[in-house]
Amino acid sequence: MPGETVGLVGESGSGKTTLGRAVLGLAPVTGGSIRYAGREIGQLHRRERRELSSEIQVVFQDPYSSLNPALTIEQILIEPLTVRGVTSAAAKQRVATLLEQVGLPVDARSRLPREFSGGQRQRVAIARALALDPKLIVCDEPVSALDLSTQARVLDLFIEIQERTGVAYLFISHDLAVVRHVSHRVAVMYRGEIVESGDGDQVTARPEHPYTQKLFMAAPVPDPDQQEERRIARRRLMAIAAEG
Amino acid sequence: MTTAITPPNTIPTPTGRTSLLRRVIRRPLGAISLAFLLVVALIAVIGPLIAPYDPNLASLQLVLAQPSAEHPLGADSGGRDVLSRLLAATQISIAAALVALVTALLIGVIAGLIAGYYRGWFDNVASWFTALVMALPGIVVLLAARAVVGPSVWAAMFIFGILLAPAYFRLVYAAVSAVRSELYVDAARVSGLSDLRIISRHILSVVRAPIIIQSAIVAGIAIAIQSGLEFLGLGDMSVPTWGSMLNDGFINIYKAPLLMMWPSLAIALTSIALTLLANVMRDALERTVQVRRRRRRAVATATGSIAAVTTSIGTVTGGIGLDAEAEAEPTIRHADDERAAARAGDTILDVRDLRIGYGQDDGGTLEVVHGVSLDIRRGEVHGLIGESGSGKTQTAFAVLGLLPRGGRITGGSIDYEGVRLDTAGEREYTAIRGRRIGYIPQEPMSNLDPSFTIGSQLVEPLRVGLGLSKKDATEKALALLERVGIPDPKRTFAAYPHEVSGGMAQRVLIAGAVSTDPDLIIADEPTTALDVTVQAEVLDLLRDLQAERQMALLLVTHNFGVVADLCDRVSVMQHGLIVEHGPVRAIFGRAEHPYTRSLLGAILDEGPARAPLGGADIEQADIEDADIVKAAVVKGGAR
Amino acid sequence: MLPFVLRRLASGVVLVFVISVIAYALLYLGGGDIARRILGQNATDDVVAQKAADLGLDQPLLAQYFDWLTSAFGGDLGRSWFTGQLVAVSVSSRLAVTLSIVIGATIIAAIVAVVLGVLAARRGGWIDNVVQFVSVIGFAIPGFLIALVLVLVFAINLGLFKATGYVPFASSPSGWIASVTLPVVALSIGAIATVAQQVRGSVLDALSRDYVRTLRSRGLSTNRVVYKHVLRNAGGPALAVLAVQFVGLLGGAVIVEQIFALPGIGQLAVQATGAGDIPVVMGVVIATAIIVVVVNLLIDLAQAALNPKVRLS
């Protein structure tokens, strides 16, 4: 749905990143269907896929490998625009707007990625994703490489942009708290399958599937007393699981 | 002479505005090499024009003539003017080397790009061809070819070019494979760029510099092989080359030893200049890459050992970021509460005003920890929390005496049960590390030696440190593996690190840390690299072991959940200083320092989840019809 | 372990086979009218045709190759066109000379390079700078120039060694050592330079690994960690470079044998090439390919012994 965030939670090897890459056309789909705007996009050819690029975009996890170190920020942001045949004057105008949108100073355009911190690079990656006004952005662990305080600011930026532009997110993360913070709906993946999905609050606070419960209980609460309670509850759950 | 080619170990990335040329000229060796090569190139172009005589004009009177006014370098065994021949030979020798270079370049680079980017059958064919070419020494192939095509310099060098192509192929292939998996290439693909554009924009730009370096090396090898072939007397004797002149000199080594000197000098100096140039270029490129690498690693592991250093370097060069602020500001200290006081034993580790610095290239010292004081009591869990670059890992390494290269303690003291560690040497530390202080690292896989079995890595310290017999040490190691919850200790004991999962590897490392019954364990982000469910199990294990053995634990982490789960007392670090310190409940409940508060404020767990759009009663079917995306990757489709 | 060895062995056999096919096709197709070349321009057409029939050159190429291959399996590589000697005999008798200097150079290169590389990586400072600079120069200067300089200085000016000639080990061990010393030194310098660089690089890399810190944290001394753990992990890449160096040394030996007048396989190759003696050239190519395949197999086995991951892949 436009303007919606669907969170996808899972541990390493659960297949959540592969699912995101399949939506982007970067991983082959061997069965099943991916429908976008009523259209099947799982098995598109490169050419057809390219036409979708203005609709579906991406923000990756590692802010150090997702920007070409040899290009300036402006070159990085103009790249998707020139593919669309935007004139260079218009493109430069657009770059200024994009930088402002993600809260970077305009003089950032002539600098290289290595001059920026992780959080700032992630802002550039977001600006690149926004360049073509997409309707959907696949966010693959976009904040897990960032420090706690940077993480919170970047997440707020994601939410703010969504509220302004109505873009939809497929938000992939291993962190239940992060997903809970940004998602309207949440799906939980385990060993290549979605085991539970539903409203954000429901899945992240009152999970029903045993795996989601385990996941929920495993994350330590940043409060010594609450965490003690959760720990006891988790051990009880584990004991029950072991008996059953 | 050898056809072995060592491509640059790393794939340097062209970074920055200062061009490679300018950086090379700035180094004396680079400037001299480049200047010499330019002179050689100039002679290659105009040599025959400025030669005083026809290089092939023979005169019987001049056979093996000594240097004279008319013939400054004398004459050879055919009575030909050596200077004229040397000038003419330069042109032929350089041109022949260029034939080999260009042939190798074209074949190798194009094949490397195609094989690296598209993979598939072409990749297999190319790799096989490479193996084929590498299986024979170049000169043997050239000899065989000479038997067929006759003594042509150009044909020989063309064939040699084919033989050299793998040098470029492997370089380009490795670079393309590395870049291909970079996320920015994925991003370009998602942006709708065509393959050709991706190759020319993102991939060629990365391999350009390594190709130039490789070309300098290949040119040197081509010159060496070409002169070697001519030296053997297998070339076309009517064409003057450095190699054929050398051959003439060698034959007359007793009669006119000087004759050998000129071509030898030409070959040696040109080869040296080319190799030095390649080396200077590589150095110039690698220096910038190293910094990038380190930063990347630091981020990839969320907080690496050198994160502090590189972040600070970023401060110095990048101008964006942090300043070491207000050193004078005192640490906010909360008094012990009941729980902390109940656990309070005597202090076993006392760190006072610890300062850590890194030596810089310019001889200065970059300080990353600016006076940290910390005390750890017997049997307590002490959390050291901070973001990447705060210096928490540096502090932990300083206590262990294991600071990375270049790092040293520049001030303050570390006192461990009455032993001064800040001034301890390798010998004193060997008695303390392992036996009295244990260490649990962050990344489970990289902290086990991949070449030895898990068992032998556990047994070795027991035998060396505690002097146990092999049998006793093995028994103890197996018992430890069982204690840390490894299902089949015997099998894991015999396994290599790559055969176990990350969670298992971390348990093995914990077993290793407690194996010698230390009083203090330093755990550096022990659960950061683990999945959350595994993290919970490892935290349980740490808690149980700590209670069971009554050992103190210094827990370095950035995760407040982990702190809440385990710690008795907490120190908060920022910019190389401890800003706040106290019992865990005081830090969570009554934090005073603005930095601690901002960190606590950034925690997401407390906030409410976002409400579903358009009310809570949307059904699945609606969403599918809502036309945005419904991904249904079946099991098997998603790896 | 056994499947690993068999797989490598099989791929080596295939490699030698492919090389023999290509070499045979090029040598026999590219040579033009071979019988005419052997007999010279004055021979009558009849005599030339008779010679061609004697050598089996009137047969289709495929049949010729098949003949060659079947006798090659029996150890018969044909006879020289000019001397009539059995190729297998002259190649194997000369191989001993070549292998003795190449293997000698490889062993010396390996030992010296490991010592220099470890020293440079651990000590750093001026030792590192000197090793690095000498390596660059050693890598840059072609081996035959080094050989020429050695001849000039040690044989001609100082008279310490004989400049030329070969003394078989059986007839005089000390004479043998004197006759191979200079060639071995000349060959090994380039290899030392390259391998020392590689050892230095991989030791530095292994030293920066996390497990080194962890092992030290368990109370193992730095020396112990370096000699037991770091060297073992640095050994793999260094061996790979040594394998490539061996092929390079085999090529270098061709020229060095010429300079020192050693009756090795290189000298045979040069003579055969100059004369256009195709069966001998073919024999040299095949013998070289087999040696390279065998050495690569040995290096692969050593790699597998060092690194458990190789064993499984």
Side-chain angles (χ1 to χ4, degrees), chain B residues 1-4 6 9 131-132 134-140 143-144 146-149 220 224 227-228 231-232 234 250 253-254 257 260 264 267-268 271-272 274-276 279 400 402 426 430 433-435 438-439 441 443 446-452 457 460-461 464-465 496 498 509 512 516, chain C residues 15 18-19 23 26-27 30-31 136-137 139-145 148 152 190-191 194 197-198 201 209-211 213-222 229 232-233 241 244-245 247-252 254-255 258 269-270 273-274 276 278 281 284-285 288-289 292-293 306-309:
Chain B
M1 156 211 41
T2 149
T3 50
T6 32
N9 285 334
L132 194 70
M134 308 275 289
L136 280 178
I139 197 131
V140 170
L143 286 178
R146 159 72 167 68
V148 178
V149 299
S227 10
F231 171 72
L232 288 177
L234 296 172
F250 183 60
I253 191 167
Y254 288 100
M260 226 173 68
S264 297
I267 297 167
S271 301
I272 291 174
L274 282 167
T275 311
L276 282 178
N279 252 41
L400 283 163
L402 293 175
E426 170 86 11
T430 309
R433 280 195 295 248
R435 261 158 276 186
Y439 164 65
E443 188 70 45
S446 65
N447 278 289
L448 288 168
D449 185 338
S451 304
F452 288 85
Q457 292 182 58
E460 192 183 358
V464 175
Y496 285 97
H498 66 271
L509 286 163
T516 46
Chain C
L15 200 64
V18 172
I19 286 175
L26 291 179
L27 284 173
V136 169
I137 302 297
F139 173 79
I141 300 178
F144 63 89
L145 279 187
L148 288 177
L152 258 180
T194 315
Q197 282 279 16
Q198 175 63 46
R209 297 279 163 164
D210 288 345
Y211 60 77
R213 181 170 51 232
T214 301
L215 286 166
R216 287 179 64 199
S217 82
R218 302 273 158 78
L220 301 182
S221 68
T222 315
H229 296 269
R232 177 150 176 184
N233 283 290
V241 168
V244 177
Q245 281 305 305
V247 181
L249 290 178
L250 216 48
V254 172
I255 302 182
Q258 205 69 10
V270 172
T273 298
I278 304 284
V281 175
V284 170
V285 168
T288 317
V292 171
V293 164
L306 282 180
N307 184 348
K309 272 189 210 168

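No experiment lies behind these values; they were computed from the predicted model shown. Worth knowing before you read on, the calculation uses all heavy atoms, side chains too, and leaves out hydrogens, waters and symmetry mates. Chain identifiers are assigned alphabetically (A, B, ...) following the order of the sequence lines, protein sequences preceding nucleic acid strands; residue numbering begins at 1 within each chain.
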Heavy-atom proximity to chain C below 4.5 Å, by part of Leu274(B): neither

When rounded to the nearest 0.5 Å, the distance separating CG of Asp449(B) from CG of Asp210(C) is 12.0 Å

Under 3.5 Å, is there a donor-acceptor pair between the side chain of Arg213(C) and the main chain of Leu402(B)? no

Proximity breakdown for Pro450(B) and chain C, heavy-atom pairs closer than 4.5 Å: both

Taking all atoms of both residues into account, what is the closest heavy-atom pair of Thr214(C) and Pro441(B), and its distance? OG1-CG, 3.8 Å

Measure across Met134(B) and Val292(C) and return the closest heavy-atom pair with its distance rounded to 0.1 Å. O-CG1, 4.5 Å

Minimum heavy-atom separation for Ser451(B) and Asn233(C), please, with both atom names. OG-OD1, 2.6 Å

Cut-off 4.5 Å, heavy atoms of chain C, and the answer for Ser446(B) is both

Just verifying a value: how many Å separate Ile255(C) CD1 and Ile139(B) CD1, rounded to the nearest 0.5 Å? 3.5 Å

Which atoms of Leu15(C) come close to chain B, meaning under 4.5 Å heavy atom to heavy atom: side chain ones, backbone ones, both, or neither? both

Top of Leu148(C), Leu250(C), Val281(C) for chain B proximity - count of heavy-atom pairs under 4.5 angstrom: Leu148(C)

How long is the straight-line distance from CD1 of Ile141(C) back to CD1 of Ile272(B), given to the nearest 0.5 Å? 4.0 Å

Chain C contact via Asn279(B) - side chain, backbone, both or neither, heavy atoms under 4.5 Å: side chain

Closest heavy-atom contact between Arg216(C) and Arg433(B)? O-NE, 3.2 Å

Can you tell me how far apart CG (Leu152(C)) and CZ (Phe250(B)) are? Round to the nearest 0.5 Å. 9.0 Å

Distance, nearest 0.5 Å, that separates OG1 of Thr288(C) from CG of Leu136(B): 6.5 Å

Verify the neighbour count for atom CZ of Arg209(C): are there more than 12 heavy atoms of other residues, nucleotides or ligands below 6.0 Å? no

Just so I understand: if I count every heavy-atom pair under 4.5 Å between each of Leu232(B), Leu400(B), Val140(B) and chain C, which residue has the most? Leu232(B)

Can you tell me how the ring of His229(C) sits relative to the ring of Phe452(B), calling it parallel under 30°, perpendicular over 60° and tilted otherwise? tilted

Measuring only between side-chain heavy atoms, which start at C-beta, is Pro142(C) closer than 4.5 Å to Ile267(B)? yes

Let me confirm one number: the CD-CG distance from Gln457(B) to Leu220(C), rounded to the nearest 0.5 Å. 10.0 Å

